[in-house]
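Throughout, protein chains are lettered first and strands after them, A, B, ... in sequence-line order, and every chain is numbered starting at 1.
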Amino acid sequence: MLIKNKTGFFQRFYLVEILKGLAITKKHFLKNLFGKTVTIQYPEERRQYSDRFRGMHYIKATNGVENCTACMLCPTVCPAECIHIVAGERPDKEKYPVKFEIDVLRCCFCGMCEEACPKDAIKLSTIYEMSVAQRTVYTKDYLLEQRGNK
Amino acid sequence: MSSMTLLDWAILVGKCVITTLIMLQIAPIMAWVERRGSALMQNRLGPNRIGPFGLLQSLCDGVKFIFKEDPVPGHVNAFYYVLAPLVSLVPAFMTFAVIPWAAPLELGDRTITFQVANLNVGLLYIFAIASLGVYGIIMAGWASNNKYSLLGSLRSSCQMISYELSMGLSVVGILMVFSSVNLTDIALAQGQTLLQLGPVAIPKWGFFVQPLGFLIFCTAAFAETNRLPFDLPEGESEIVAGYHLEYGSMKFAVFMMAEYVNMFTASGLMATLYFGGFQLLPGMSQLHEAIGGGAGIMAALQAASFFAKVAFFMWFFVWVRWTLPRFRYDQLMDLGWKVMLPLSLLNIFLTGALMYAKVI
């Protein structure tokens, strides 16, 4: 399709338009040279996320014992079906998860497990640096490290 | 030349070494300026990790270039393939030899000129040598045995020929006004006062007597050095990388270096022909009087003015590169033949008429 832009008399000489363009780049150059650029210099500076940010999982513990009672609500609600729990019984007849695994590769970080949990056990922390060198399944021991403040 | 003493030889060798060292430093410094300058113009930061302000980034780039594998592809003509980068680099180095950084200095019975060779055909020498640079590019494109490289070098030769014409004609105006092709003479002649406006004296710099000529020369210089908006020989989006597509490692770096050295010479030429060359910047003569310095300090101030002017034009090259998009090929040819050529002819006639009327 041929689009004809209307050019004025002076625009046809390029020169005025080139000067206008140079003025724009100069403006940006000086602004960034003496002011602050929008760049966040990552390892030194970090973006502040809200407390509601949904990052790496952890299981909350009270007095060193996990809050989880293996009620199976979170694997039921999980849309990605990434939580695998094997329930067991403690000597005091209380239910607890023998195995609690989260396949993070499948997790979509929707936070529905957190909402479903009646015991405030599973939580999503604000940690977002989760890249690792191999495919990982978070085990119970790993999840029991208290990472967040929720 | 037969009466040259050992001291004369030492001075000559010293000038050669200093000039070469300056030229060698241009590529890494300009690479840094270009990357950080472009970044700031685009609201980024650019390389700032290595050394203060990222200054050592260029050093790391150099080390990387040296230690990279240096293959000669099987389908190329190896001899010309290896020769081409050198052919484009050597003329780039040679051209700067005649550009003066300071006025000739009288020391005792000896006159020291601040350039490698004070040729009386300085400007013609530059044009003669600068046009050799295109052979390197053509050789690179042809020897690479690759259609994109060949297209790039064809474009380059076409562009060089078209713009060399208007470049040469635009300088004719300067030659008429200053009636010399010796660059030292031209720079010295620009020390005269053109107009006295109260306390402000407008010097007889080439820009003030030849504004149109400067415009044409500047545009043609961009085309001659293959810089944006006229970098069609490279044209990444159209012909991959043009003439240096098959090159890697230090051979590619040599092409890049040739580009920056060409920029340096073009900037030096623009400063010498149109902005007074080594004539002092406004305020510097007052500074010289205030210090009460002698001829040596004068030469230093002149060199400082010259390199300040050159630095401005180098920055201008970078500035324009990150402002304007690349021209389409037919637009480039249109501009060269239908606009620049008639304008440069008009400039010659205008200059002649003004000189006849004794205005300049």
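- Ranked by non-hydrogen atom pairs under 4.5 Å with chain A, the options T219(B), L335(B), L215(B), V339(B) are led by L215(B).
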- K26(A) and T323(B): side-chain contact (heavy atoms from CB on, under 4.5 Å), yes or no, with the steps? CA-CA 9 Å; K26(A) 186 215 66 188; T323(B) 302; over 6 Å; no

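- Chain B forms more heavy-atom pairs under 4.5 Å with one residue of K31(A), K27(A), Q41(A) than with any other, namely Q41(A).
- If you take CD1 on I24(A) and CE on M41(B), they are separated by 12.0 Å, rounding to the nearest 0.5 Å.
- Shown here is E145(A), whose CD atom has more than 12 heavy atoms of other residues, nucleotides or ligands within 6.0 Å.
- Within the model, atoms CH2 of W319(B) and CZ of F29(A) stand 10.0 Å from one another, a figure rounded to the nearest 0.5 Å.
- Heavy-atom neighbours of R90(A) CZ from other residues, nucleotides or ligands within 6.0 Å: above the threshold of 12.
- Interface remark: L324(B) contributes side-chain atoms only to the contact with chain A (heavy atom separation under 4.5 Å).
- Comparing T39(A), L22(A), L33(A), I18(A) by how many heavy-atom pairs each has under 4.5 Å with chain B, the most go to L22(A).
- No more than 12 heavy atoms of other residues, nucleotides or ligands shown are found within 6.0 angstrom of CZ on F53(B).
- Counted within 6.0 Å of NZ on K60(A), heavy atoms from surrounding residues, nucleotides or ligands total more than 12; the atom is thus considered enclosed.
- Note: N32(A) CG to R36(B) CZ = 10.5 Å, rounded to the nearest 0.5 Å.
- A 6.0 Å sphere centred on CG of N63(A) holds no more than 12 heavy atoms belonging to other residues, nucleotides or ligands.
- Within 6.0 Å of atom CD in E129(A), more than 12 heavy atoms from other residues, nucleotides or ligands are found, so the atom counts as buried in its surroundings.
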